[in-house]
Trainee: 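My questions all concern the structure below.
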2 protein chains.
Amino acid sequence: MDALAVLAEPTRRRIVDVLRVRECTVSELVGSLGMSQPAVSKHLRVLREAGIVTAQVRAQQRVYRLEPGPFRELDAWLAPYRRMWTHHLAELERHLDRKEDG
Amino acid sequence: MDALAVLAEPTRRRIVDVLRVRECTVSELVGSLGMSQPAVSKHLRVLREAGIVTAQVRAQQRVYRLEPGPFRELDAWLAPYRRMWTHHLAELERHLDRKEDG
DNA sequence: CCACTGCATGCCTTGACGGTTATATGCCTG
DNA sequence: CAGGCATATAACCGTCAAGGCATGCAGTGG
């Protein structure tokens, strides 16, 4: 599963949104999300296997934090599409031309 | 369904990858993808309803092209995470510090 | 060593989604 | 107006993933 598919899941996006602010333990995330602990753990596993988060063991707790790699990949994937709006004026002109045709 | 979820689908990403180069008719996409026409049409419907593509009627054909809006939104969503690697050196230092602790 | 805590895993159900075949719709041609 | 082409929609099936509960397991404190 690539980063994009993993992050398509709303709950997982909520998780990374929380982790963006600060690293968290599983219990803290369970509190933030209002979901069962197993459900959260399963999402964390998916995020881990995608390399989006890493866990650090601290006593019986696991402290989860974000990893930049997958986000960079996502950014790289998005890059070629960025032309669409950086060349926006030219696109707009073409769009209007097209409308006059049709 | 938001843009991220829509673009998580591999086939749909292939479609937008093709459309990024040039606009296409449905038949052309069917040729490129090697899939049944109904399958392609369904993906195009999903992409349309997400505002990722628009169709222009031309005789019996529909010419599909990309729209920049959803990609901009995606870029905006990604923006706050970009801090992670723009401040990459500071992050790296903190990471190493942490490892020394654990 | 025992009970508890924090988290992971297994099993199950359910709902959503992708693909296929068959069919409908709209347009264009003869 | 009949027939064919390009596309959309319908009906159906198989798969898969998300969520719940119950349970397993490692580390901790008494």
Side-chain angles (χ1 to χ4, degrees), chain A residues 1-19 22-67 70 74 98 101-102, chain B residues 1-19 22-67 70 98-99 101-102:
Chain A
M1 233 176 157
D2 63 325
L4 223 162
V6 169
L7 292 172
E9 225 287 324
T11 303
R12 288 195 282 265
R13 242 175 306 170
R14 289 175 61 199
I15 291 179
V16 297
D17 276 343
V18 172
L19 292 181
R22 61 177 188 79
E23 54 188 35
C24 287
T25 67
V26 177
S27 312
E28 287 172 335
L29 287 171
V30 170
S32 298
L33 302 176
M35 233 177 10
S36 74
Q37 174 265 315
V40 174
S41 277
K42 281 200 267 189
H43 281 300
L44 286 172
R45 176 180 187 162
V46 174
L47 289 166
R48 243 187 300 127
E49 291 176 345
I52 296 171
V53 303
T54 51
Q56 181 190 359
V57 177
R58 195 164 69 189
Q60 309 108 318
Q61 301 184 340
R62 313 292 154 95
V63 181
Y64 279 87
R65 61 198 314 267
L66 288 185
E67 289 296 326
L74 221 158
R98 209 177 307 272
D101 288 354
Chain B
M1 236 175 157
D2 62 326
L4 222 161
V6 169
L7 292 172
E9 226 287 323
T11 302
R12 286 194 284 264
R13 241 175 306 170
R14 290 175 60 198
I15 291 179
V16 296
D17 276 343
V18 171
L19 292 181
R22 61 177 188 80
E23 55 189 34
C24 288
T25 66
V26 176
S27 311
E28 286 172 336
L29 288 170
V30 170
S32 299
L33 302 175
M35 238 181 2
S36 74
Q37 173 264 315
V40 175
S41 277
K42 280 207 280 188
H43 282 301
L44 286 171
R45 177 179 186 162
V46 174
L47 289 166
R48 244 187 298 127
E49 290 176 347
I52 296 172
V53 304
T54 51
Q56 182 191 358
V57 178
R58 195 164 70 190
Q60 309 107 320
Q61 301 183 336
R62 313 292 153 95
V63 182
Y64 280 87
R65 61 198 315 264
L66 289 184
E67 289 296 325
R98 208 176 308 272
K99 277 204 164 172
D101 290 352

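Just so it is clear: chains get the letters A, B, ... in the order the sequence lines come, proteins before strands, and each one is counted from 1. Below, all heavy atoms of this structure are taken into account, side chains as well, without hydrogens, waters or symmetry copies. None of these values were measured; they are calculated from a predicted model.
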Trainee: In whole angstrom, what separates B:Met35's CE from C:dC17's P?
Mentor: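 So the CE-P distance, B:Met35 to C:dC17, works out to 17 Å.
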
Trainee: What's the separation between atom CG in A:Leu7 and atom CG in B:Leu7, rounded to the nearest 0.5 Å?
Mentor: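 CG of B:Leu7 is found 13.0 Å from CG of A:Leu7.
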
Trainee: Between NE2 of B:His43 and CD1 of B:Ile15, what distance do you get to the nearest 0.5 Å?
Mentor: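 One gets 6.0 Å once the value is rounded to the nearest 0.5 Å.
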
Trainee: Hey, which sits more toward the 5' end of DNA chain C by its nearest nucleotide, A:Arg48 or B:Glu9?
Mentor: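 With B:Glu9 and A:Arg48 compared, the 5'-side residue is A:Arg48.
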
Trainee: So A:Arg58, base contact, sugar-phosphate only, or nothing? Heavy-atom distance under 4.0 Å.
Mentor: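 Nothing, no nucleic acid heavy atom in range.
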
Trainee: Here's a test of your reading of the structure: between A:Ala39 and A:Gln61, which maps to the more 5' nucleotide of DNA chain C?
Mentor: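 On the 5' side of the pair lies A:Gln61.
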
Trainee: Write down the atom of A:Ser32, the atom of A:Arg14, and the distance for their closest heavy-atom approach.
Mentor: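 A:Ser32 and A:Arg14 have their closest heavy atoms at O-NH2, 3.8 Å.
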
Trainee: Take A:Pro38 and B:Pro38, find for each the nucleotide of DNA chain D with the closest heavy atom, and name the residue whose nucleotide sits nearer the 5' end.
Mentor: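 Its nucleotide being nearer the 5' end, the pick is B:Pro38.
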
Trainee: With respect to the phosphate group of D:dA8, does any side-chain polar atom (N or O) of B:Tyr64 fall under 4.0 Å of OP1 or OP2?
Mentor: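 B:Tyr64 to D:dA8 OP1/OP2: side-chain N or O found under 4.0 Å.
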
Trainee: Over its full length, what angle do the end axes of the helix from C:dC1-D:dG30 to C:dG30-D:dC1 make, each axis taken from five pairs and the result rounded to 10 degrees?
Mentor: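 Computed angle between terminal axes is 10°.
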
Trainee: Within the modelled atom types, does a donor on one side and an acceptor on the other bring the side chain of B:Lys42 and the base of C:dG18 under 3.5 Å apart?
Mentor: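 Answer is no: no donor-acceptor pair is held.
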
Trainee: C:dG19 C1' sits how many Å from B:Arg45 CZ, rounded?
Mentor: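 In whole Å, C:dG19 C1' and B:Arg45 CZ are 16 Å from each other.
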
Trainee: Calculate the interatomic distance between A:Leu44 atom CG and C:dC7 atom C1'; express it in whole Å.
Mentor: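 Between C1' of C:dC7 and CG of A:Leu44: 10 Å.
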
Trainee: Measuring from B:Arg12:CZ to B:Leu33:CG, what's the distance to the nearest 0.5 Å?
Mentor: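 Nearest 0.5 Å value for the CZ-CG distance: 12.5 Å.
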
Trainee: With rounding to the nearest 0.5 Å, note down the distance linking NZ in B:Lys42 to OG in B:Ser36.
Mentor: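 It is 8.0 Å, given to the nearest 0.5 Å.
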
Trainee: Would you tell me if any nitrogen or oxygen in the side chain of A:Ser36 comes within less than 4.0 Å of OP1 or OP2 on D:dG20?
Mentor: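 Indeed, a polar side-chain atom of A:Ser36 lies that close.
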
Trainee: Would you say A:Arg65's side chain and A:Glu23's backbone share a donor-acceptor pair under 3.5 angstrom?
Mentor: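 Absent.
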
Trainee: Could you check how far CZ of B:Arg13 sits from P of C:dG18, rounded to whole Å?
Mentor: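 B:Arg13 atom CZ is separated from C:dG18 atom P by 12 Å.
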
Trainee: Just how far, in rounded Å, is C1' of D:dC16 from NE2 of A:His43?
Mentor: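 Taking atom C1' of D:dC16 as the reference, NE2 of A:His43 is at 14 Å.
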
Trainee: Using atom CZ of A:Arg12 as one end and atom C1' of D:dG19 as the other, report the distance to the nearest whole Å.
Mentor: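 The distance from CZ of A:Arg12 to C1' of D:dG19 comes to 12 Å, rounded to the nearest Å.
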
Trainee: Quick one: which of C:dT9, D:dA8, C:dG6 gets closest to the side chain of B:Val26?
Mentor: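 Given the options C:dT9, D:dA8, C:dG6, the side chain of B:Val26 is closest to D:dA8.
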
Trainee: Has B:Arg13 got a side-chain atom pairing as donor or acceptor with B:Ala8's backbone, closer than 3.5 angstrom?
Mentor: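 At least one qualifying donor-acceptor pair exists.
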
Trainee: Would you mind reading off the distance between B:Leu47 atom CG and D:dA8 atom C1', rounded to a whole angstrom?
Mentor: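 Nearest whole value for this atom pair: 15 Å.
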
Trainee: Is it true that a side-chain atom of A:Glu28 and a backbone atom of A:Thr25 form a donor plus acceptor pair closer than 3.5 Å?
Mentor: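 Side chain of A:Glu28 to backbone of A:Thr25: a pair is present.
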
Trainee: Does C:dG19 have its OP1 or OP2 closer than 4.0 Å to a side-chain nitrogen or oxygen of B:Thr11?
Mentor: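 Yes.
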
Trainee: Between D:dA17 atom C1' and A:Glu49 atom CD, what is the distance in whole Å?
Mentor: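 After rounding, the gap between these two atoms is 14 Å.
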
Trainee: Is A:Gln37 touching bases, backbone alone, or none of the nucleic acid, heavy atoms closer than 4.0 Å?
Mentor: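 Base, at least one base atom sits under 4.0 Å.
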
